[in-house]
Amino acid sequence: MTSDFLTVPGGRIYYEIRGTGPLLLISQSGEGDAGRSVDLVDRLQDAYTVITYDRRGLSRSTIDDPDAGVSVRQHADDVHRLLAHLTDQPVLMLGQSLGASIGLHLAVEHPGQLSLLIAHEPVSPWLLPAAERDRHRAELAELRALYLDEGLAAAFEEVPRVLGITKDAEPGLTPQPMDARRRANFDFFLRHDFTAVIEDELDFPGCPAPILPAAGLTTPHSVFDHKCAVALAELLGTELVRLPGGHNGNTSHPRAYAARLREVLGATAGAR
């Protein structure tokens, strides 16, 4: 593994690179930093050079003015600058939840950097019809307010319901303790990234970058992120790819997820 930092406008991004083969960037969801998807990366690095990173404001990545917040577009600009720093060729990208929303911005604004985006349940209410969009933005705002008023324990009671996170998981996963760093990451995610998702907009009449919308096999169809994946598939006129686990299948079911991801990437490469 190699690791380094990249200075970007208003901050500094930490990233890690593992493996050999075509470049695959994983943009993680929630409070996840470069190490959150380690079990998945371990099962991909024999076939892909996997790039993971700490999103702006998380773990080792810094933001010059945390109180100023961040936008999804700014997160995407960070990824754009990271990829431009690492390669002049298009790369594969797996975007999870907020990472998928970031990927959609990158696909529209810098399509030449992506050979394929797998967008797993983007948290992008702008994809939904107006009434649903407003309702789910309000739902996210209420969850953020609950966190600010009552703390992390109260928010944890609601986050799985709102995002459709299921409790089942494969055995033998790398422990991810709720230490001080992870609590700080959750604070930034709920305090700032929730606002970024609520306020996010993207003009998406079409996209020159190839995109595969994806959803978890066990994600409830009633939650907004699953609806966003379905709406994206309809917008693009393509099938929805089903991946093992639920909204966090990449971390809860890394063995099955990696195997299915290899199938999808292999089939896509054969079709190009």
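Sequential numbering from 1 along the given sequence is applied to the chain's residues.
Among residues at least two apart or in separate chains, side-chain hydrogen bond (donor to acceptor under 3.5 Å, both in side chains) pairs with a member in residues 149-158 are E158-R161.
Under the 4.5 Å side-chain contact rule for hydrophobic residues, L92 and L212 share a cluster. Linking ILVMFWY side-chain heavy atoms closer than 4.5 Å, directly or via other members, places I63 and L6 in two distinct hydrophobic clusters. Taking hydrophobic clusters as Ile, Leu, Val, Met, Phe, Trp and Tyr residues chained together by side-chain heavy-atom distances below 4.5 Å, L114 shares a cluster with L86. Side-chain heavy atoms closer than 4.5 Å link hydrophobic residues (I, L, V, M, F, W, Y) into clusters, and following such links, even through other members, never connects L116 to F204. Transitive grouping of hydrophobic side chains (ILVMFWY, heavy atoms separated by less than 4.5 Å) brings L98 and V8 into a common cluster.
A229 and P213 get closest at one heavy-atom pair: O-CB, 3.8 Å. Across all their heavy atoms, D33 and D54 have their closest contact at CB-OD1, 3.0 Å. Scanning all heavy atoms of the two residues, the minimum distance from H136 to K227 falls at NE2-NZ, 3.4 Å. Closest of all the heavy-atom pairs between I211 and A119 is CG2-CB, 4.4 Å. Contact record, T251 with L173: O-CD1, 3.5 Å, taken as the closest heavy-atom pair. The minimum heavy-atom distance between Y147 and A155, with the atom names listed, is CB-CB, 4.0 Å.
The only option from R55, R182, R181, Q176 that meets the side-chain hydrogen bond (donor to acceptor under 3.5 Å, both in side chains) definition with E31 turns out to be R182. Exactly one of E199, E201, E132 qualifies for a salt bridge (charged side-chain N to carboxylate O under 4.0 Å, His left out) with R137. That residue is E201.
With 3.5 Å as the limit, one finds a donor-acceptor pair spanning the side chains of S59 and N185.
In this structure, the side chain of E16 does not engage the main chain of G35 through any donor-acceptor pair within 3.5 Å. No side-chain donor-acceptor contact under 3.5 Å links R133 to the backbone of P125. Between the side chain of T166 and the main chain of D168, no donor-acceptor pair closer than 3.5 Å is present. Formation of a donor-acceptor pair under 3.5 Å by the D225 side chain with backbone atoms of V123 is not found in this model. Put simply, the side chain of R255 gets close to the backbone of P171: a donor and an acceptor are under 3.5 Å apart. Under the 3.5 Å distance criterion, the side-chain polar atoms of S3 are left unmatched by any main-chain donor or acceptor of Y15. The backbone N or O of V91 sits less than 3.5 Å from a side-chain atom of S115, completing a donor-acceptor pair. A donor-acceptor pair under 3.5 Å is formed between the side chain of T62 and the backbone N or O of R12.
No salt bridge links D77 with R56; every basic N to acidic carboxylate O contact stays at or beyond 4.0 Å.
Separation of atoms CH2 (W126) and SG (C228) is listed at 8.5 Å; rounding is to 0.5 Å. The CG atom of D39 lies 3.5 Å from the OG1 atom of T174; values are rounded to the nearest 0.5 Å. In this structure, the separation between OG1 on T87 and CG on L25 is 11.5 Å, given to the nearest 0.5 Å. Atom NE2 of H120 is separated from atom OG of S29 by 8.5 Å, given to the nearest 0.5 angstrom. To the nearest 0.5 Å, the span separating CZ on R60 from CG on L58 amounts to 10.0 Å. If you take CG on D187 and CG on D193, they are separated by 10.5 Å, rounding to the nearest 0.5 Å.
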Show me the donor-acceptor pairs, under 3.5 Å and distance only, between side chains in residues 235-249 and residues at least two apart or in other chains.
residue	atom	partner	partner atom	Å
R242	NH1	H226	NE2	2.9
H247	ND1	E121	OE1	2.5
H247	NE2	S97	OG	2.9

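Here the side chains of L23 and I51 are in contact, with some heavy-atom distance below 4.5 Å. Considering only heavy atoms from C-beta on, R135 stays 4.5 Å or farther from F224 through its side chain. L261 has its side chain within reach of I118: a pair of non-hydrogen atoms, C-beta onward, lies under 4.5 Å apart. A 4.5 Å side-chain heavy-atom check between L44 and V41 finds every atom pair outside the cut-off. Taking the side chain as every heavy atom from C-beta outward, P122 and L127 approach each other to under 4.5 Å. For the pair R81/P9, a side-chain contact is recorded, criterion being any heavy-atom separation below 4.5 Å from C-beta on. E109 places a side-chain heavy atom less than 4.5 Å from the side chain of R73. Using a 4.5 Å heavy-atom threshold, the side chains of N250 and Q28 count as touching.
Using cut-offs of 30° and 60° for the angle between ring planes, the H80 and H110 rings count as parallel.
Taking the six-membered ring where the residue is Trp, the centroids of H253 and Y257 are separated by 6.0 Å or more. Aromatic rings of Y14 and Y53 (six-membered ring for Trp) have centroids beyond the 6.0 Å cut-off, not under it. Within the 6.0 Å centre-distance limit, the rings of F156 and F186 are counted as a close aromatic pair.
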(request) Given side-chain contact (heavy atoms from CB on, under 4.5 Å), test L106 with I102 step by step and report yes or no. (result) CA-CA 6 Å; L106 189 70; I102 292 167; 5.6 Å; no
(request) Evaluate side-chain contact (heavy atoms from CB on, under 4.5 Å) for Q113 paired with M93, printing each intermediate quantity in order. (result) CA-CA 10 Å; Q113 290 189 300; M93 180 174 179; over 6 Å; no
(request) Take L232 and L104, measure what side-chain contact (heavy atoms from CB on, under 4.5 Å) needs, and give me the verdict at the end. (result) CA-CA 10 Å; L232 179 61; L104 293 178; 4.0 Å; yes
(request) Any chance you could lay out the side-chain contact (heavy atoms from CB on, under 4.5 Å) test for R144 and L190, step after step, and finish with the verdict? (result) CA-CA 6 Å; R144 179 180 182 273; L190 292 165; 5.6 Å; no
